[in-house]
Amino acid sequence: MVTALSPLALVDCNNFYVSCERLFRPDLQRVPVVVLSNNDGCVVSRSNEAKALGIRMGQPWFECKALAEQHGVLALSSNYALYADLSNRVMRILSDFSPRTEVYSIDECFVDLSGMPDLRALSYRIRQTVLKWTGLPVCVGIGSTKTLAKLANHIAKKHPRSRGVFNDNDLSEAQRSRLFGRIDVGEVWGVGRRLSSRLAVHGIRTVQDLRQAHVPSLRAEFGVVMEKTQRELNGLSCIDLQEVQADKQQIIASRSFGSMVEDVDVLKDAVSMFVANACAKLRAQGSHASVIQVFLMTNRFRQDLPQYMPSLVVPLPQPTSDSLVVSRWAAHLVERMFRAGYQYKKAGVMLSGIAPQGRYQTDWLEPPQAVDTRLMDALDGLNQRYGRGTVKVSTQGAYTGWQMNQTCKSPDYTTDWHAMPVV
DNA sequence: TCTCCGATTAGAC
DNA sequence: CTAACGGTCTAATCGGAGA
């Protein structure tokens, strides 16, 4: 008997955001549908019908809007509360299939299938179960490394004959080199557009080319990351399964505005909202931040207008996760950076110097200050129970004029009782 | 020359 | 009516400042 290589599956939802929307809108089943990014800016998810029309991933909506609407494409604003909830359900189901999983993104999960018999049948069972319990279609790719599992998943998605499952370990070396010789190197996990074109200069155009590239030259020209990718493509595992999600080292909250903003009070209002969101995330992982950065940006696509992209960083006197404390600093930074006469299009808050609460270098000269978390605890509790924004910090969203466009957002079907469809 | 640090780059989704 | 182009996150690498 041949010992099976430790098989790793990548389970990836098909057209995830569009599929989520269709669950509650069966009338959209065979209609071309796209989901737009925040502020209704770019296309971030496409149904197969929309892909067939040539609408590209990440394409600005205003660019393809006319053509899309001509073909009856329905464009929806993104509804992250809905997608996050459905994602959690999918991940919970997958964790029933293996004790070792890694939630890699909102719609992807690595699943360790070591020691499990009949992987093909198991993979079909995974697909069937997720489909039956959530209504969401997924594809399963299996390989002996993460990079091969990703590639296998790509093959499963691309070839209808695979019926949504592809196992790289089932290939002979001859079959593998023939297949990989027909796949563009840009399909490899970690090889984006820039690296693709740089690799092409060196004659590396297919996955097979990359597998066989001269190791020292590859290392010298493209660095360690590319060398790891190459090893992974050859079945040598270099990227471990990360079962527990590490705490964030940096937390960013930012948004483009629905329209241009010229008023400093409106900017401060927006920034107080970003602080509230960033600090809530910080508290959710039980950390404190010691550095805060605030930035403002004019519209970089409007080269006809004067550009100004200031940013200020301050170390906080004491690490904290208190929205009120951070909010005061943020407002101060906005005041300092603001220059009248510019049309601002975006702003944001970045928290860094993040460490677990109570584990940071204390200031020897200052007497230790008692940290009172009761107010923020209560705020989080209320916002969790009664919905985000029940209790606010500062003006946080009281001003209008900066909120993002969301012309066609679906109801929060699964997370808000009031949005429950009436049967 | 070495080290540290912030800025930049590239990628993923 | 018109203008209209996302948000977060990580790791590696680069380049300058200071020791």
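Naming: A, B, ... by sequence-line order, numbering from 1 per chain.
Closest approach to the A:M260 side chain among B:dA10, C:dA4, C:dT8 is made by C:dA4 (side chain taken as heavy atoms from C-beta onward). Relative to the side chain of A:R302, the nucleotides C:dG6, B:dA12, C:dA4 differ in distance, and C:dA4 lies closest. Residue A:F301 has its side chain nearest to C:dC5 when only C:dA11, C:dC5, B:dG11 are considered. Distances were taken from every side-chain heavy atom of A:C42 (C-beta onward) to each of C:dC9, C:dG6, B:dG11; the shortest belongs to C:dG6. Each of C:dG6, C:dT8, C:dC5 was ranked by its minimum atom distance to the side chain of A:S37; first place goes to C:dG6. Side-chain proximity of A:F62 to the nucleotides B:dG11, C:dC5, C:dA3 is greatest for C:dC5.
The nearest whole Å value for the distance from the CG atom in A:N405 to the C1' atom in C:dG6 is 13 Å. Rounding to whole angstrom units, CG of residue A:L312 and P of B:dA7 are separated by 12 Å. When the P atom of B:dA7 is taken as reference, atom CD of A:Q250 falls 12 Å away, rounded to whole Å. Atom pair A:F274:CZ and C:dT8:C1' shows a separation of 14 Å (rounding to whole Å applied). Nucleotide C:dC5 holds its C1' atom 15 Å from the CG atom of A:L305, rounded to whole Å. For the pair A:M226 CE and B:dA12 C1', the computed distance is 14 Å after rounding to whole Å. What separates CD1 of A:I55 from P of C:dC5 is a distance of 18 Å, to the nearest Å. A:I106 has its CD1 atom 19 Å from the P atom of C:dG6, to the nearest Å.
Taking the six-membered ring for Trp and thresholds of 30 and 60 degrees, A:H202 and A:F222 have ring planes more than 60 degrees apart, a perpendicular arrangement. Aromatic ring orientation, A:W189 versus A:F110: tilted (interplanar angle from 30° to 60°).
Across all strands shown, A:E108 has heavy atoms under 4.0 Å from sugar-phosphate atoms exclusively, and none from any base. Within the nucleic acid shown, A:N299 comes within 4.0 Å of sugar-phosphate atoms alone, with no base atom in reach, counting heavy atoms only. Contact annotation for A:V291: no contact, since no heavy-atom pair falls under 4.0 Å across all strands. Using a 4.0 Å heavy-atom cutoff across all strands shown, A:D107 reaches sugar-phosphate atoms only and no base atom. Residue A:W189 is in sugar-phosphate contact alone, with no base atom involved, counting any heavy-atom pair closer than 4.0 Å across all strands shown. Using a 4.0 Å heavy-atom cutoff across all strands shown, A:L195 reaches sugar-phosphate atoms only and no base atom. Residue A:R255 is in sugar-phosphate contact alone, with no base atom involved, counting any heavy-atom pair closer than 4.0 Å across all strands shown. Within 4.0 Å (heavy atoms only), A:I251 reaches sugar-phosphate atoms of the nucleic acid but no base atom. A:F16 comes within 4.0 angstrom of nothing in the nucleic acid, heavy atoms only.
Between A:L82 and A:C20, the shortest heavy-atom distance links the atoms CD2-O, 4.3 Å.
If you find the closest nucleotide of DNA chain C to A:V225 and to A:K345, the one lying nearer the 5' end belongs to A:K345.
Proximity of A:H71 to A:L53: side-chain heavy atoms (C-beta onward) are separated by under 4.5 Å at one or more points. At least one side-chain heavy atom of A:L179 sits less than 4.5 Å from a side-chain heavy atom of A:I155.
Between A:F166 and A:H154, the distance separating the two ring centers is not shorter than 6.0 angstrom.
Proximity of A:K346 to the phosphate of C:dG7: a side-chain N or O atom is located under 4.0 Å from OP1 or OP2. For C:dT8, neither phosphate oxygen OP1 nor OP2 lies less than 4.0 angstrom from any side-chain nitrogen or oxygen of A:Q249. Remark: A:S256 is in phosphate contact with C:dG7, judged by side-chain N or O atoms under 4.0 Å from OP1 or OP2. Contact check, A:S78 against C:dG6: no side-chain N or O comes under 4.0 Å of OP1 or OP2.
For DNA chain C, if you chain together Watson-Crick or G-U pairs that step i with j, i+1 with j-1 and so on, the runs of at least three with distances under 3.5 Å are B:1-13 with C:7-19.
Residues satisfying the ring-ring contact (aromatic ring centres under 6.0 Å, His included) test with A:F97, not counting sequence neighbours, are none.
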Start with the C-alpha distance between A:Y80 and A:Y17, add both sets of side-chain angles, then the distance that settles ring pair (Phe, Tyr, Trp, His ring centres under 6.0 Å), and finish with yes or no. CA-CA 9 Å; A:Y80 288 104; A:Y17 296 173; 5.7 Å; yes
A:T407/A:D40 under side chain to side chain donor-acceptor pair (under 3.5 Å): CA gap, chis, key distance, verdict: CA-CA 7 Å; A:T407 45; A:D40 291 343; 2.9 Å; yes
